[in-house]
Amino acid sequence: MNNSKTCNMTGTSVPLGAIVTEGNPAIGEFPSLKKFALFCKKSGLKIIQLLPVNDTGTQSSPYSGLSAFALHPIYIQISAIKEFKPLYESDKNFKNEYDAFIQDNPYKTRYDYQKILNAKNSLLMKLYESTETARKAEPEKALAEWIKENPWIQNYAVFKNLKWKYMQASWKSWKKSDQTPGLSEIEKRWNDSSLKKEHLFYAWVQMQAEIQFKDAADFVKSNGIILKGDMPIMMNEDSCDAWALPEFFNHDLRAGSPVDGENPTGQNWGFPTYNWKNLKAKNYSWWKERLICASKFYGAYRLDHILGFFRIWAIPSHETTALLGHSEPCETISRKELEELGFDSGRINWLSQPHIPTSDIDYFTWNHDASTKILETLCTRVGNEELWNFSKKIKGDKDIYEMDLSSLCSSEAEGGIKVKLAGYWTDRALLEIEKDKFVPVWTYERSYPWETLSQEEKDKLKKLFEEKNIRQDKKWEKQASEILSALTECVSMTACGEDLGVNLPSVPKVMQAKSILGLRVLRWCRKWSEQGQPYVPLSDYDELSITTTSVHDSPTMRQWWNQEKDSARAFYESNKKFFDSLGIEESDSNEFNEKTASAILTAAASSKSAWCVHPIQDYLYLDKKYYLSDEAQERINIPGEVTEFNWTYRMPCPMEKLSDDKSIIEKIKAIADAHDRGN
């Protein structure tokens, strides 16, 4: 359903693992969606948006996929597998292990990802051993047919088996022959009779996952609800796809984002960028296959970081920060163009190569000879001056931090010297990304070389940068239009795009042309360039968009209201009529409670956006009995942190209890009805 006009609908977003049921308090599973769907139907919610449910291995983040196609075994309901009952009744050890799994995972506010994953893997292996497939090392008829319909399983099964062999280590640490086997070698291993039983285990697990997810997805659809999936734009470097299909990825570049107010060194996500040239040569088949596979389950999908289809912030793999990244694709500046502006080779070198005074290292060593020896290990001297450029062997700041200087200075001095040198490494105005081809560094105006230029030189360069930007914008628009046309036209699902923080004029233009719904987060929809940064009126939101109160990476609505007082106050003043309608006086507006939640959600329902999709936590704030004592526990993820906390949120009660709560169902239904009838 990729239509240009989408009718008004209201829905909710939820991590699958958060859906607690009385039958299994450990973690939400594929069948849990059925009970959640019945609750949504009662509440008038017509969209259920999930976080990605692909296999992420030992990583709890759903955006660190090991495969673009494989589902996560952690969401399989063990007791729903047909082999479960016979084995449970005949094998005491299996029975005890399963019972212990259920008993060892009582309801808590967060779940133990690794513990549950390990337990399920063990149970799945035991169930598989009881099958005819395992006994004969040949797939039974149903599995053989499933494998034929899912050719991606060969790469995945061989990859997973090697991951097991190497104790889950990254494939880049495997022996060379296993790192880059090639598709013919992968197929040879898949067909190796001595490995067949092991490979078929992963295929069998994936078939069980698909059976359960498809059954749940069909149930959701039969109840008039759209199930919306999430397609992460990037793939984990340590993924089956990056390993088996290296031609589709740039392994020497990492995706991220440039410097902004909250990220002074930008963001380096660690994922390889795409080789769009090679993907295009294959008619974007890999991406199309992802979407076609997803369409088995979903009626709509979210393209994560849609800006990445226009341009991606590409960072050399030797960098720890994103400071020396650049846009891909980009318009480069040639050495000839710089020379025509009056910049000779020395001046170009000054702008593009860091220059380190010996005296800055003297500060740490208090010994000029020692400083010189240190610099000689990483740099080359500029003529006879006490000035140095980094040597060609230094490819990024990782190389600086990994240098062993312990024989040349104290450990305390070594740490300070490395930080100082890493600072110099990024202090440049131009970045040479290919021989004699340059781009401006994102923070070029803050660099020391830029400060030393005359105003005339600055003006010349800025004019050139602006000309390149105009051509670059056209290049980005052309690329995105081509890619997104290919993707949106290959499936009938409704396309949505995560376009937060995007300020490229071509993005909304292309999204509108392709009927892709954008995202509008209430607290961030402000006229940031105007005095006072007023909120954008909800009636001015684009119709082709989705309004939401929060996202998985943000604080919840409750946290926002309690912790970001200035933002909350400004929202109150901009939408006072909704608070007045509930009798919330100005003096009471600082307190977050059921009335506050109702006012915010009612305001959101007045949005002109076609869809309103809010996190389940924000709906549950309509009744105080569902508030956790620690509001921080209601959050899903804190970006930039890798902890056991992230991505392990559980709903505050089992679905059965929530579905019997007529009070909150009526409250949610009132919000949904207000939006769906078109205000």
Side-chain angles (χ1 to χ4, degrees), residues 258-259 263-266 268 315-316 318-326 335 338-339 341-433 435-436 438-458 460-462:
V259 170
N263 301 284
T265 60
N268 187 334
I315 307 154
H318 288 269
E319 302 289 347
T320 63
T321 73
L323 286 165
L324 294 186
H326 65 279
R335 181 175 289 272
L338 292 170
E339 289 172 345
L341 290 180
F343 294 90
D344 61 20
S345 59
R347 207 70 172 138
I348 294 171
N349 182 269
W350 173 253
L351 291 168
S352 62
Q353 296 296 321
H355 288 64
I356 309 151
T358 314
S359 58
D360 275 14
I361 307 305
D362 286 344
Y363 172 83
F364 296 96
T365 64
W366 295 92
N367 184 309
H368 186 73
D369 289 341
S371 298
T372 299
K373 288 179 181 178
I374 289 169
L375 287 165
E376 285 173 346
T377 64
L378 302 111
C379 306
T380 56
R381 190 187 288 271
V382 179
N384 295 318
E385 299 182 59
E386 290 293 344
L387 208 57
W388 305 76
N389 291 147
F390 284 101
S391 65
K392 298 295 183 184
K393 69 180 178 182
I394 303 299
K395 306 295 185 184
D397 64 356
K398 281 185 183 178
D399 296 333
I400 295 171
Y401 288 119
E402 290 172 2
M403 289 292 290
D404 183 6
L405 305 176
S406 59
S407 63
L408 301 173
C409 60
S410 67
S411 58
E412 184 179 353
E414 183 177 14
I417 290 168
K418 287 180 177 179
V419 170
K420 188 71 176 178
L421 290 172
Y424 269 111
W425 176 255
T426 58
D427 187 24
R428 52 183 101 191
L430 296 176
L431 182 68
E432 189 172 14
I433 61 172
K435 182 171 175 54
D436 293 332
F438 304 85
V439 294
V441 173
W442 186 266
T443 53
Y444 71 88
E445 290 183 282
R446 300 183 208 166
S447 70
Y448 178 68
W450 182 263
E451 291 175 3
T452 65
L453 297 180
S454 68
Q455 191 58 48
E456 182 184 3
E457 289 174 314
K458 290 178 182 178
K460 285 180 180 179
L461 285 173
K462 280 191 172 182

Note, [X] side chain near [Y] side chain (heavy atom, < 4.5 Å):
{"X": "Phe343", "Y": "Leu461", "result": "yes"}
{"X": "Gln353", "Y": "Glu432", "result": "yes"}
{"X": "Lys462", "Y": "Glu445", "result": "yes"}
{"X": "Ile394", "Y": "His318", "result": "no"}
{"X": "Ile356", "Y": "Phe390", "result": "yes"}
{"X": "Leu430", "Y": "Leu338", "result": "yes"}
{"X": "Cys409", "Y": "Phe364", "result": "no"}
{"X": "Leu408", "Y": "Glu414", "result": "no"}

So, the side chain of [X] versus the backbone of [Y]: is there a donor-acceptor pair under 3.5 Å, distance only?
{"X": "Asp427", "Y": "Tyr448", "value": "yes"}
{"X": "Glu457", "Y": "Ser454", "value": "yes"}
{"X": "Lys418", "Y": "Leu405", "value": "no"}
{"X": "Lys460", "Y": "Leu341", "value": "yes"}

Name the atoms and distances for all side-chain donor-acceptor pairs under 3.5 Å in residues 373-385, with sequence neighbours left out.
from, atom 1, to, atom 2, distance (Å)
Thr377, OG1, Ile374, O, 2.5
Arg381, NH1, Glu385, O, 3.0

(request) Identify which one of Ile433, Val441, Ile315 satisfies the side chain to side chain contact (heavy atoms under 4.5 Å, CB included) criterion when paired with Leu324. (result)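 When Ile433, Val441, Ile315 are each tested with Leu324, the side chain to side chain contact (heavy atoms under 4.5 Å, CB included) holds only for Val441.
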- Pick one: which of Asn268, Thr265, Asp397 meets side chain to side chain contact (heavy atoms under 4.5 Å, CB included) with Thr320?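 Of the listed residues Asn268, Thr265, Asp397, the side chain to side chain contact (heavy atoms under 4.5 Å, CB included) partner of Thr320 is Asp397.
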Got a sec: does the OH of Tyr401 have more than 12 other heavy atoms crowding it under 6.0 Å?
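Yes.
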Are there over 12 heavy-atom neighbours, none belonging to Glu456, within less than 6.0 Å of that residue's CD?
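No, CD of Glu456 has 12 or fewer neighbouring heavy atoms, counting only those of other groups under 6.0 Å.
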Tell me whether Arg446 forms a cation-pi arrangement with Trp442, defined as NZ or CZ under 6.0 Å from the six-membered ring centre and within 45 degrees of its axis.
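No.
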Test Trp388 against every option in Thr372, Thr358, Asp360 by the side-chain hydrogen bond (donor to acceptor under 3.5 Å, both in side chains) rule and name the one that passes.
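Between Trp388 and the candidates, side-chain hydrogen bond (donor to acceptor under 3.5 Å, both in side chains) is satisfied uniquely by Thr358.
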Item checked: For Thr365, all residues meeting side chain to side chain donor-acceptor pair (under 3.5 Å), sequence neighbours excluded ->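 So Thr365 forms a side chain to side chain donor-acceptor pair (under 3.5 Å) with Ser371.
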